[in-house]
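Report on the structure given below.
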Amino acid sequence: DTAVSQTPKYLVTQMGNDKSIKCEQNLGHDTMYWYKQDSKKFLKIMFSYNNKELIINETVPNRFSPKSPDKAHLNLHINSLELGDSAVYFCASSPGQNEKLFFGSGTQLSVL
Amino acid sequence: DAKTTQPNSMESNEEEPVHLPCNHSTISGTDYIHWYRQLPSQGPEYVIHGLTSNVNNRMASLAIAEDRKSSTLILHRATLRDAAVYYCILHFSGGYNKLIFGAGTRLAVHP
């Protein structure tokens, strides 16, 4: 059973389109995250939710909108996709706000 | 956020121990030292963490210098599956879980 699952694994789309990436965790964790790994392989936190409440928002363009319908899900919607949005996006969860993270396997987004 | 410094890359032979160093000279008293690794085409995976004392788990050992300005992740017997990028991260225990990943050390393991 996959603990943190993301869909889709690959996403290829045109500039200007709107797309969503879904994330689900079956670990019963309270906190979920989105990280972005760019072409230089640096991992940067984008958002964090704790019990469906946004607690970290790291100066991400407002074209990116996370949505947490419940504790087990944190989806990422991206409007008006740009070339620079091409990256691997990782979802993660943790039992609490200061505990170890469990990552999904990533979604590779390619904007053409 | 306190910063860590790691070598860009290291190499090891299979079944030999590997010592991965990390410098964190600006660490504060409440920062935990976390290690994660990222295997090719996968998400990061938690390895180990500690505050002051050395720590052991089934994956690795963490040796922390007495002044806490450096630490070493020890893989006791490297396997080909240990080839990955290893990240040393300082985690402020009092704030939100905002792990700041650096460039990490790319470990190559040779048969």
Side-chain angles (χ1 to χ4, degrees), chain A residues 2-7 9-10 21 23-25 27 29-51 53-60 66 74 76 87-109, chain B residues 1-10 22 28-51 55-60 62 73 81 83-108:
Chain A
T2 304
V4 181
S5 59
Q6 301 178 223
T7 54
K9 189 168 177 62
Y10 301 97
I21 306 172
C23 178
E24 176 182 4
Q25 54 96 2
L27 298 167
H29 290 170
D30 287 340
T31 311
M32 296 186 71
Y33 312 80
W34 278 108
Y35 276 79
K36 177 182 179 181
Q37 188 166 40
D38 59 24
S39 58
K40 294 183 179 178
K41 302 299 183 183
F42 284 101
L43 269 158
K44 296 180 182 176
I45 190 167
M46 301 173 69
F47 301 103
S48 176
Y49 271 72
N50 184 60
N51 279 319
E53 180 185 346
L54 181 66
I55 56 172
I56 296 175
N57 183 343
E58 285 290 297
T59 59
V60 177
L74 181 61
L76 183 65
V88 182
Y89 292 83
F90 288 99
C91 178
S93 71
S94 64
Q97 294 179 32
N98 292 306
E99 300 184 56
K100 67 183 183 185
L101 270 63
F102 294 76
F103 283 83
S105 57
T107 295
Q108 184 161 346
L109 172 64
Chain B
D1 295 304
K3 191 179 172 182
T4 63
T5 305
Q6 300 176 251
N8 289 335
S9 62
M10 291 185 64
C22 180
S28 70
T30 51
D31 284 338
Y32 279 79
I33 302 158
H34 282 239
W35 284 82
Y36 282 75
R37 71 180 185 180
Q38 187 173 17
L39 279 63
S41 302
Q42 294 189 29
E45 173 188 32
Y46 168 83
V47 178
I48 199 166
H49 77 281
L51 184 63
V55 184
N56 299 298
N57 66 21
R58 63 174 181 81
M59 289 181 71
L62 177 60
L73 179 71
R81 290 189 69 251
V85 178
Y86 287 78
Y87 298 98
C88 169
I89 304 162
L90 298 184
H91 179 208
F92 172 54
S93 63
Y96 293 123
N97 210 356
K98 193 171 82 170
L99 297 182
I100 308 293
F101 286 78
T105 296
R106 182 173 296 278
L107 175 66

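The sequence lines fix the lettering, A, B, ..., with proteins before strands; numbering per chain opens at 1.
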Interface moiety of A:Gln37 toward chain B, non-hydrogen atoms closer than 4.5 Å
side chain
Holding to side chain to side chain donor-acceptor pair (under 3.5 Å), I want the full list of residues that pass it with B:Tyr86, two or more places apart in sequence or in another chain.
B:Arg37
Measuring from atom CZ of B:Phe101 to atom CZ of A:Phe42, what distance do you get when rounded to the nearest 0.5 angstrom?
12.5 Å
Can you say whether A:Phe102 sits under 4.5 Å from chain B via the side chain, the backbone, both, or neither, judging by heavy atoms?
neither
Contact winner vs chain A - B:Gly43, B:Gly102, B:Ala103, B:Pro44, heavy-atom pairs under 4.5 Å:
B:Pro44
List for me each residue that meets side chain to side chain donor-acceptor pair (under 3.5 Å) alongside B:Asn56, sequence neighbours excluded, and say none if there are none.
B:Ser61
For A:Lys9, is the NZ atom crowded, meaning more than 12 foreign heavy atoms sit under 6.0 Å from it?
yes
Please classify the contact between A:Glu58 and chain B as side chain, backbone, both or neither, with a heavy-atom cut-off of under 4.5 Å.
side chain
Could you tell me whether the side chain of B:Tyr36 reaches within less than 4.5 Å of the side chain of A:Leu101, counting heavy atoms only?
yes
Between NZ of A:Lys41 and CD of B:Gln38, what distance do you get to the nearest 0.5 Å?
7.5 Å
B:Tyr87 side chain to A:Leu43 backbone, donor-acceptor under 3.5 Å
no
Once rounded to the nearest 0.5 Å, what's the spacing between atom OG of B:Ser41 and atom CD of A:Gln108?
8.0 Å
